[in-house]
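In this text the structure is predicted, and so the values were computed from the model without any measurement.
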Amino acid sequence: MSQRRVEVAVRVRPDDTQRPSCVVLNARRRVVTVSDELGAHSSLGSRSYREDLLLDADVSNKEVFRRLILDKMNAATPDTPDTLCFLAYGHTASGKTHSIAGSDAEPGILTLAVEELLRREGVVEVAMLEVYMDSVYDLLAEGAARRIRRRQGPTGMSIIVESLATCTLSTVAQWSAVSAYGMKSRRTAPTERNPRSSRSHAIFTLKSRGVRLCLVDLAGSERQTVFSPQLNKESIAINKSLSRLSTVLEALSVQQTKEDGTRSYVNFRDTTLTVLLQRYLSGASMTTFLACVHPSLQFYPETVSTLRYTQRLKKIRTSTTRSDANDISELRFSEHQTLLDELTRLRTQVKESRATSDMLAAAQRQRIAELERSLHEQRASNTRRGASAQREGGHVERAKDARRIAGWLLSRVLGDMPQLNVGYDDYFDGYFPESIQVIGYVSPMACLAPRAARDTRLAFLDVGDVAIGLSMVDAGIPPFVRLHKVTCHDVAMWEGHECDGDGHAVYVLAFFEVDERTMEPIEGGGAGRLACCGGYLSSEPLLPLATVLCMREDAPDAAKEAVLQRLVALQGEQEDALDRRAGHSREASTAMDEGVPVEALLDRSLVDRGGGADEASLTSDLSHEVARQARDTSNIMTPFRALSSSDESDDTSSNSTSSGSSAAALHSPAAAALEDVHVEAETAPIVPTAPPPPEAAAQRQRPAESPARAADAPEARTKLTSEEPPRPTPPVEHGPTKSTPPEPEPPSGAAAKQLPQAPAETSKKPLPPPNIEEAMRKGKHSKKGKVKGDKLVKPSSCTCNIM
Ligand SMILES: Nc1ncnc2c1ncn2[C@@H]1O[C@H](COP(=O)(O)OP(=O)(O)OP(=O)(O)O)[C@@H](O)[C@H]1O
């Protein structure tokens with residue numbers, strides 16, 4: 001006996017347009033009214049349609065699933081068809097795909113059905129296909145295998161889709177993977193009304209022991225107003241298949257039972273879609289049509305058309321037919337047993353992998369706790385350090401600014417006196433392969449204290465860019481960065497160096513001291529390990545000790561000079577910003593803006609120091625700061641430690657009159673120069689000076705005095721410095737050769753233009769007495785050669801140290 005097995009539900013999606021609504025639902029009477037109060041589509045007027053079920057815009061997919069599928073699954077009896085079919089129908093952008101496939105935020109009916117079947121039976125078989133331009137494509141197959149053929153089953157009622165891939169699933173995770181793959185394979189395209197409009201009809205089949213489900217996401221009926229050959233072709237195919245479906249439904253709705261008990265003929269063969277849906281519309285299933293509508297007045301004609309369609313569906317009557325035994329969707333008993341076995345095996349696997357992941361999670365939790373503890377400790381120690389810095393010298397921020405400016409002034413001195421950097425340069429040079437040369441570096445002040453010993457507790461990061469390297473001194477680097485070990489010589493593996501215009505590579509390496517609390521070596525061959533040296537992983541933000549610029553040794557000097565000029569220019573920009581903030585004069589940076597060579601900056605800085613009262617007091621502040629930092633090695637930004645006495649016995653024996661790390665740092669050649677700057681700025685009037693008498697030169701070559709001695713004898717220091725000529729650098733003795741002092745090497749290039757040749761011609765402030773001979777006597781021969789024979793010379797490519 002024929003009966004009604006097609007149910008119709010109307011779902012109104014939320015309105016995303018700013019237009020008035022044209023749909024009113026009367027849930028009690030189950031009537032939808034579509035009205036055009038503004039008369040925009042007056043010819044159609046207001047219509048009412050009675051439906052089986054109404055779902056308004058607040059209803060979720062879960063609720064739709066419960067009311068339209070779950071309730072039927074629960075109410076199934078041996079007399080009802082074992083197949084449930086669910087078709088989403090409606091115009092474009094009305095919410096069909098949202099209902100069936102859902103979104104990341106809201107799972108669709110398909111996922112909810114898979115989860116339910118897995119819960120009930122532990123296993124489910126899934127197939128997905130799409131009908132595109134009247135051809136069938138397997139959504140779970142790849143490449144050419146996607147296009148598949150259909151054929152009539154032996155009884156004529158069923159359709160067999162040949163070689164359709166089916167997946168047997170036992171977990172939700174497996175389903176997630178399968179559905180993501182299948183959905184991605186669907187043909188979609190942006191259209192006028194839907195940025196992800198389905199260009200095909202999709203049919204999803206779920207089979208388990210008791211139930212089989214067919215979910216159909218029909219492509220939306222649409223009118224193309226924008227000309228696009230492809231979209232138009234697709235639209236024609238979509239509208240044609242929907243129109244044939246409509247014809248079939250119309251025929252079914254008026255289908256008569258003949259005298260011999262047979263039913264009048266309905267032609268399903270015109271399109272692939274109707275062929276595939278035949279069994280679901282002919283009594284072998286309980287079928288639900290979900291008519292999706294958009295409430296906006298803009299979609300008034302489409303909404304009326306969809307609801308008219310539903311009226312036809314309500315008239316369809318079918319007689320029950322049983323499933324075709326040869327249908328591919330049939331699960332046979334032996335298969336069932338196999339599936340149960342597989343299910344048991346998979347469940348055991350899941351249990352085991354859960355145990356493993358529990359162990360991993362416990363280890364990770366422990367590691368996180370450790371990291372949090374050390375972070376906490378470090379924060380506490382930073383706070384203590386910050387508080388003591390405030391007690392000592394006032395505001396921390398101001399001290400930082402002063403340090404930067406002081407560092408810059410000092411770099412001008414050192415820029416022209418590379419011999420004072422000898423220990424520092426050698427320190428970094430010692431780490432790199434012969435082919436790589438250090439050409440400049442950016443560092444906080446106290447790092448200038450040379451460290452002769454090769455200390456392997458250093459790590460570096462190739463930051464790839466001079467500007468980034470410069471800003472890192474202040475900003476630091478974020479945590480969880482992999483750093484190279486200092487011994488890493490595999491230059492090809494250093495990341496992302498920049499190249500100058502002529503293709504000369506510039507390596508910008510930020511150096512960090514290895515701290516066991518915040519950095520750990522990466523052991524084993526895991527993915528996090530650097531292939532060249534293994535590397536360290538930092539778990540905390542870090543501030544570099546120094547950022548070192550390197551180039552290939554054989555790069556032309558002009559290229560090296562250009563990189564340094566760029567560094568100087570960048571530093572100038574930073575200094576400008578600081579000046580603006582602090583309200584200082586910009587005069588000091590003018591030279592950099594104009595691109596004056598590094599050598600010339602020394603003179604300009606000395607002239608600046610001879611300026612007005614404000615500058616003099618600034619210089620005095622700065623020189624205090626310089627000296628203070630030379631003593632202070634505890635700052636977080638200056639973790640270079642002082643020279644140990646075993647490393648530098650010569651240094652300490654010749655220079656030191658006190659002990660302890662700060663004293664050691666102070667008596668390095670650079671620190672001696674700093675001390676000189678300090679004393680001079682405090683006491684010396686700035687006067688043009690005469691060339692030094694030989695004794696003064698000899699005096700200048702003596703070891704630097706301790707701060708205590710300097711403070712005790714300001715007169716002597718004043719006298720000494722006032723007698724100092726700024727240039728030329730005196731000859732030095734080196735090694736065993738104690739011959740006649742050679743002539744000082746004349747300055748060359750830009751330096752020759754800028755540096756005074758005779759003291760009488762200049763008003764520049766005299767240079768503090770650097771302890772050059774001491775530095776040279778220490779025998780720190782840079783492999784780049786800062787000493788030639790008995791002569792002290794500038795390196796062929798200048799080294800610039802800028803803070
Ligand atoms: N009930 C709803 N709740 C929230 N968002 C919805 C709802 N219905 C539809 N949408 C959203 O509207 C947009 C269009 O919906 P969807 O893609 O489902 O339309 P469609 O009817 O399948 O269109 P087409 O036929 O062009 O493929 C999507 O971004 C979707 O998330």
Side-chain angles (χ1 to χ4, degrees), residues 1-8 81 83-90 129-137 147-162 164 200-203 205 214-222 233-291 305-324 326-329:
M1 206 186 81
S2 67
Q3 52 181 275
R4 202 179 152 217
R5 290 202 175 81
V6 175
E7 179 190 41
V8 181
T83 303
L84 299 178
C85 179
F86 183 97
L87 291 104
Y89 175 83
L129 62 83
E130 70 177 351
V131 180
Y132 174 73
M133 309 277 275
D134 218 37
S135 296
V136 185
Y137 294 86
R147 187 164 180 168
I148 48 180
R149 285 168 8 116
R150 62 182 164 89
R151 67 178 166 85
Q152 195 98 26
T155 62
M157 264 305 285
S158 65
I159 294 295
I160 294 178
V161 183
E162 288 179 345
L164 179 67
S200 64
H201 310 291
I203 301 180
T205 322
C214 173
L215 304 176
V216 185
D217 178 10
L218 293 169
S221 54
E222 59 188 11
K233 250 188 345 198
E234 289 169 354
S235 286
I236 290 167
I238 291 169
N239 289 338
K240 181 184 163 199
S241 56
L242 289 174
S243 145
R244 290 290 181 278
L245 178 62
S246 174
T247 310
V248 165
L249 295 172
E250 177 75 47
L252 284 173
S253 67
V254 295
Q255 197 178 28
Q256 303 288 324
T257 309
K258 294 187 211 160
E259 281 176 3
D260 60 359
T262 57
R263 312 233 344 136
S264 54
Y265 176 72
V266 175
N267 180 12
F268 284 92
R269 295 175 178 221
D270 274 0
T271 63
T272 303
L273 178 68
T274 47
V275 168
L276 292 175
L277 292 182
Q278 180 174 358
R279 71 186 300 270
Y280 303 110
L281 299 173
S282 307
S285 74
M286 297 287 290
T287 302
T288 303
F289 264 86
L290 182 71
S305 160
T306 302
L307 294 174
R308 249 197 227 143
Y309 206 87
T310 61
Q311 300 311 296
R312 244 176 256 157
L313 299 169
K314 285 194 334 191
K315 293 184 195 148
I316 296 175
R317 299 276 185 282
T318 56
S319 37
T320 311
T321 51
R322 296 305 302 170
S323 302
D324 188 334
N326 291 323
D327 187 332
I328 50 136
S329 61

To the nearest 0.5 angstrom, please state how far the [atom1] atom of [X] sits from the [atom2] atom of [Y].
| X | Y | atom1 | atom2 | answer |
| --- | --- | --- | --- | --- |
| Asp134 | His201 | CG | NE2 | 8.5 Å |
| Thr310 | Lys315 | OG1 | NZ | 10.5 Å |
| Tyr89 | Leu218 | OH | CG | 8.5 Å |
| Leu242 | Leu273 | CG | CG | 7.0 Å |
| Leu84 | Ser285 | CG | OG | 7.5 Å |
| Leu313 | Thr287 | CG | OG1 | 10.0 Å |

Do you know which two heavy atoms are closest between [X] and [Y], and how far apart they sit?
| X | Y | answer |
| --- | --- | --- |
| Gly220 | Ile238 | O-CG2, 3.5 Å |
| Cys214 | Ile203 | SG-CG2, 3.7 Å |
| Val216 | Cys85 | CG2-SG, 4.5 Å |

Kindly indicate whether the side chain of [X], heavy atoms from C-beta on, has any atom under 4.5 Å from the side chain of [Y].
| X | Y | value |
| --- | --- | --- |
| Val131 | Ser200 | no |
| Leu87 | Leu277 | yes |
| Leu281 | Leu249 | yes |
| Tyr309 | Leu245 | yes |
| Phe268 | Leu252 | yes |

Around Lys314, counting heavy atoms of other residues, nucleotides and ligands shown, do more than 12 lie under 6.0 Å from its NZ? yes
Tell me, which pairs form a salt bridge (Lys or Arg N to Asp or Glu O under 4.0 Å) where one or both residues lie in residues 245-255, sequence neighbours left out?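 Listed by first then second residue: Glu250-Arg312.
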Ring pair (Phe, Tyr, Trp, His ring centres under 6.0 Å) partners of Tyr137, counting only residues at least two apart: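 Ring pair (Phe, Tyr, Trp, His ring centres under 6.0 Å) list for Tyr137, sorted by chain: empty.
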